[in-house]
Amino acid sequence: MKKSWLFKLGASALALSLMAACGDTEEETPEEEQQQQEEQQQDEEQMEEEKNKDEMENDEDMNEEENQKEEENMEKEDENMQQGDKEGETNNTDEDMNE
């Protein structure tokens with residue numbers, strides 16, 4: 001009789017310890033899931049913003065390079081036009097001399 005009493009007591013103690021160790025097997029609560037989704041969404045938005053910033057910086061760099069090239073081309077055209085004007089003036093004086 002003592003053995004059965006000890007066996008019942010030991011079995012219930014073992015059951016209680018197992019329940020305490022493995023008792024919380026429920027899935028996450030909806031609040032925790034919602035928080036995780038919000039955090040993930042915020043992370044994705046931040047990554048998207050950083051990507052957009054990088055693209056904008058690249059576009060600005062390209063635009064700056066294009067603007068510099070255009071300015072250089074305009075300066076060259078101005079120089080060419082000025083040289084053409086000077087050559088035209090010298091041609092006019094040569095024609096005036098021939099008359």
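In what follows, every heavy atom counts, from backbone to side chain, and hydrogens, waters and symmetry copies are set aside. This one's a predicted model, so the numbers in the text were calculated from it and none came from an experiment.
The side-chain contact (heavy atoms from CB on, under 4.5 Å) test with Gln40 singles out one residue from Gln36, Glu44, Glu38, and that residue is Glu44.
For the atom pair CD of Glu49 and CD of Gln42, the computed distance is 10.5 Å after rounding to the nearest 0.5 Å. Here the straight-line distance linking atom CD of Glu77 with atom CD of Glu72 works out to 12.5 Å at 0.5 Å rounding. Distance CG/Asn73 to CG/Asn80: 10.5 Å, rounded to 0.5 Å.
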Check residues 62-71 and write down every donor-acceptor pair under 3.5 Å in which the side-chain atom is one partner and the other belongs to a residue at least two apart or another chain.
residue: Asn63; atom: ND2; partner: Asp59; partner atom: O; Å: 3.4
residue: Asn67; atom: ND2; partner: Asn63; partner atom: O; Å: 3.3

Go through it in stages, so that I can follow the logic: the residues are Gln41 and Gln37, the test is side chain to side chain contact (heavy atoms under 4.5 Å, CB included), and I'd like the CA-CA distance, side-chain angles, deciding distance and then a yes or no.
CA-CA 6 Å; Gln41 198 172 28; Gln37 287 176 350; over 6 Å; no
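Residues satisfying the side-chain contact (heavy atoms from CB on, under 4.5 Å) criterion with Glu55, sequence neighbours excluded, are Lys51, Asn52.
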